[in-house]
Each structure stands twice: as structure tokens, then as C-alpha cells.
Number of protein chains: 2
Amino acid sequence: MIPWVVLERLYLYYSYVESLPPEISWVSSQMLGEALGISPDLVRKDMTYCDIKGKPRQGYPVQELKNYLRKLLKLDEEVKSVIVGAGRLGSALANYDGLRKNNMRVLALFDVDPEKVGKSLGDLSILPLEDLEGFVKKNHVQCGVITVPAHSAQQVCDLLVNAGIRAIWNFAPAALRVPHHVHLRNENIVQGFVLLRIRMLEVN
Amino acid sequence: MIPWVVLERLYLYYSYVESLPPEISWVSSQMLGEALGISPDLVRKDMTYCDIKGKPRQGYPVQELKNYLRKLLKLDEEVKSVIVGAGRLGSALANYDGLRKNNMRVLALFDVDPEKVGKSLGDLSILPLEDLEGFVKKNHVQCGVITVPAHSAQQVCDLLVNAGIRAIWNFAPAALRVPHHVHLRNENIVQGFVLLRIRMLEVN
DNA sequence: TAGATTGTTAATCGATTAACAATC
DNA sequence: TAGATTGTTAATCGATTAACAATC
């Protein structure tokens with residue numbers, strides 16, 4: 001089992017080599033480390049979790065590394081998703097190309113606002129919240145994205161859980177309770193800002 | 001100096017007590033831990049970094065804790081910011097109430113798209129990228145938020161750094177290089193999705 | 001009082017760094 | 001060959017957990 005912190009870095013390595021021009025076919029722990037602010041020692045240690053052989057004086061083979069990490073990180077697995085909350089953030093995520101390219105497949109958005117319901121966003125419909133449970137069950141949706149205000153996040157979460165969702169990606173600043181078989185990831189944007197401010201003001 | 005991991009949790013404690021109904025005036029390490037998925041032991045340990053006295057059989061005084069953490073986490077300090085990239089994500093952040101309430105003060109958005117430039121978003125103007133440097137200097141902007149595509153993120157970053165910005169909040173999936181006096185925080189949304197998917201597919 | 005809960009110290013655990021031999 | 005770089009083991013560092021006395 002690869003430790004969680006290592007997986008996080010492996011994805012960073014992946015996106016870095018992904019962004020490399022095609023003529024570069026070897027990458028060293030030093031290059032990787034420098035680009036990502038990680039010590040070369042640690043990069044090498046992380047690499048020992050992968051079934052990739054580096055070469056002294058050259059580093060790691062880019063193409064092989066890319067393919068290997070793609071598999072390991074399951075980047076080719078499609079995830080059927082719905083987004084609940086068709087505000088600006090929900091719409092941004094629905095249209096975000098980086099997510100589409102990484103095989104997050106958004107099937108629909110949901111909202112309570114009658115102004116929004118019935119409209120569409122590109123080729124995605126905005127459906128009423130009442131339809132959520134049926135839709136999730138019928139389409140075997142695996143992942144629910146929550147982009148509603150904090151005060152209704154738990155309620156939406158419960159709806160998703162009852163409909164049989166397996167993962168929840170929560171953007172509302174709320175501490176959600178989910179049964180242990182449901183995977184929850186909080187993307188606390190406000191916390192991100194708060195922590196950046198502290199660093200900025202601390203060091204002066 | 002309070003360790004970074006502890007600061008992250010202190011903010012979680014803060015938002016939790018913030019969300020409590022006013023009639024609750026004491027909160028125990030158990031309550032906090034349960035709500036946030038943290039062991040009560042660790043909550044108590046974290047509390048030792050704060051100048052807050054708990055009471056056996058009662059816990060910690062909510063109001064005091066709230067005030068104390070507000071100061072410690074510098075939540076009342078206003079941060080003058082600009083958002084570069086007036087797409088859906090940039091607009092979502094510009095309008096996000098959670099950020100406004102936490103004293104992120106957005107002064108303007110910037111974009112290269114002539115379609116967007118000149119328009120406004122609520123009471124915020126969308127200005128051309130050429131004006132960025134002058135605007136940042138003139139208004140003593142402290143923080144730049146990057147919501148442009150990955151391929152132009154470094155360029156925007158350099159512009160901000162040259163204009164004298166002190167912190168960069170980067171939403172583009174790119175490994176930016178900044179001089180060491182500039183604080184950089186990456187909010188890698190795609191990574192968030194990738195890690196959630198791994199957890200979901202791993203355990204079953 | 002008895003029982004719940006804090007505050008603190010010691011033990012454990014895990015992650016990072018340092019060091020260095022092996023190799024191309 | 002000399003020099004750069006991997007792969008791996010040992011040392012260090014830091015964070016979490018366990019344990020328990022103090023206290024209301």
C-alpha cells in the first residue's frame with residue numbers, strides 16, 4: 001500500500017512530466033524536485049514505490065513513467081458524476097476542461113432555483129433537486145459534487161448518500177457526516193485563502 | 001511557532017464553533033473531534049498551542065475560543081486582491097460570499113479576452129491585462145489570484161511578481177516558480193478529483 | 001463523592017533527510 | 001576513467017496516540 005502523501009506527490013510528478021515537451025525523454029530526480037519544490041532524495045524514495053527503473057546519469061524514462069503513473073493513479077477510469085448547485089462554482093466545474101480530460105464525466109447539474117432549472121449549460125441540463133435520487137439510481141452515478149451553500153450541504157449530502165452514491169466531493173465549507181462506505185473529500189476554498197493570508201502576514 | 005498542520009486544524013475548529021447555535025457556550029474535545037473526524041486527544045494537544053483554558057467536565061468556552069482563534073488566524077485582516085482570468089472560476093471566486101466575509105477584498109478582475117474586458121461583474125470591473133501592473137502598484141494589491149489556463153499561468157505569475165505582489169493563490173494546474181519572498185499557494189482542483197477517484201476505486 | 005474531561009508527559013508511529021555503495 | 005545519478009539503508013525529525021494525574 002502506497003502512503004497517501006506519496007500518492008499526492010506521484011500525481012504532481014505525473015502532471016509535470018505530462019507538461020514536458022515531447023523531445024525530453026529522460027527526467028532526473030533533481031529536475032522533478034526542482035520544478036516541484038521537493039528534495040531529489042524524496043523524489044527517489046517516492047519512485048521506489050513505482051515499478052520503474054531509473055538509469056544512473058540519465059534519470060527516469062519519461063514515457064514509461066507517464067504510462068505507469070496513468071495506470072497507477074487510475075487516470076483513465078471514467079467517473080460518472082452529478083453536480084448539485086448550479087451557481088457559478090458548479091458551472092465552472094461542469095465546464096472545466098481539466099476535469100473532462102481527466103475522465104470526470106458530468107451527467108447533469110441539479111438546483112432548487114426555478115430560475116435555473118430547465119436551462120442548460122453547454123450540453124448539460126439543470127434538473128430540479130427532486131429528480132436527484134431517481135437520476136442517480138437510474139444512471140449509476142458514482143460521485144456527487146456539492147456546490148451549494150453551507151447551510152444546505154448536509155441535506156444534499158444525505159440525498160446523495162441515500163441514492164447510493166459512492167463518493168462525495170464537497171466544496172461547501174461544512175463538516176459533513178457520511179457513512180463510512182462513502183468517500184468524502186472536502187475542498188475547503190475559504191481555508192485555502194485563510195492559510196495563505198496567515199503565511200503572508202506572519203513572515204511579514 | 002505553531003506547526004502548519006496544527007494551524008490547518010485550528011481553522012477547522014474555528015469554522016465549527018462559528019457554525020454552532022448561540023445557546024451552546026461550551027465545546028469539548030470530544031464534540032469537536034467527532035464533528036471533524038479528529039481524535040479528541042489530538043484536539044486537546046492542538047489546544048495547548050492556544051492561550052485558552054478549558055474546564056474539566058465542560059470543555060472549552062465557545063465565545064472565548066472564537067475570539068482567540070479569530071485573532072490568531074488573522075481573520076479580520078483585509079487582503080487586497082485581484083483576480084486574473086475572468087472565466088467561470090474567476091467569476092465564482094469574485095462573487096463568493098465566504099471569501100468576502102473572510103475579508104478577501106477583490107478590487108478588480110483582469111482578462112485578455114476583448115469580449116470580457118470592459119464588462120463588469122456586480123460592482124467589479126474586468127480590466128485588460130495590460131493594466132495589471134499599474135493597477136497593482138497604484139492600489140498596493142497584496143494578493144493575486146490566478147484562474148487562467150495552465151499554459152499562461154507562469155506568464156501571469158511573473159507579471160504579478162514584477163508588480164510587487166506578496167502572495168499568489170494559484171488555481172491553474174501548473175508548477176509556478178516564484179521568488180522566495182512571494183508566498184504561493186496552489187489549489188489544485190484536478191488533483192483533488194484524482195485523489196478522490198483513487199480512494200473510491202481502491203477500497204472496492 | 002463519582003465521573004467526566006482537561007493538560008501534559010512518554011511511547012509510538014511514520015515520513016523525511018542523510019549517507020553512500022552500485023552503476024552506467 | 002571520472003562523474004553523475006540511482007537505489008537503499010540508517011539516522012533524524014516531527015506528528016499522533018496512549019496513558020494518566022489533576023481538577024471541577
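Numbers restart at 1 for each chain; the letters A, B, ... are given by sequence-line order, proteins then strands. As the structure is a prediction and not an experimental result, all values here were calculated from the model.
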About how many Å separate OH of Tyr14(A) and CG of Leu75(A), when rounded to the nearest 0.5 Å?
-> 5.5 Å
Does any N or O in the side chain of Asn139(A) come within less than 3.5 Å of the main-chain N or O of Phe135(A), such that one atom is a donor and the other an acceptor?
-> yes
Option passing side-chain contact (heavy atoms from CB on, under 4.5 Å) with Leu109(B) (candidates Leu124(B), Val84(B), Val117(B)) | Leu124(B)
Would you indicate what Pro40(B) reaches in the nucleic acid, counting non-hydrogen atoms under 4.0 angstrom: base, sugar-phosphate, or nothing?
-> nothing
Trp169(B) ring center within less than 6.0 Å of Phe193(A) ring center | yes
Classify every nucleotide of nucleotides 4-13 of chain D by which part a protein heavy atom approaches to under 4.0 Å, writing B for the base, S for the sugar-phosphate alone and - for neither, in 5'-to-3' order.
-> BBBBBB----
Ser120(A) side chain to Asp123(A) backbone, donor-acceptor under 3.5 Å = no
Main-chain N/O of Leu89(B) paired to Ser91(B) side chain as donor or acceptor, under 3.5 Å = no
Using distance alone, with no hydrogens and no angle criterion, decide if Asp51(B) and Tyr68(B) have a side-chain donor and acceptor under 3.5 Å apart.
-> no
Integer-rounded Å distance: dT16(C) P and Trp4(B) CH2 = 17 Å
Anything below 3.5 Å on both distances counts as a pair; with that, list the stems of at least three consecutive Watson-Crick or G-U pairs involving DNA chain C.
-> C:3-24 with D:3-24
Exam field: side chain Arg197(A) to backbone Asn102(B), donor-acceptor pair closer than 3.5 Å | yes
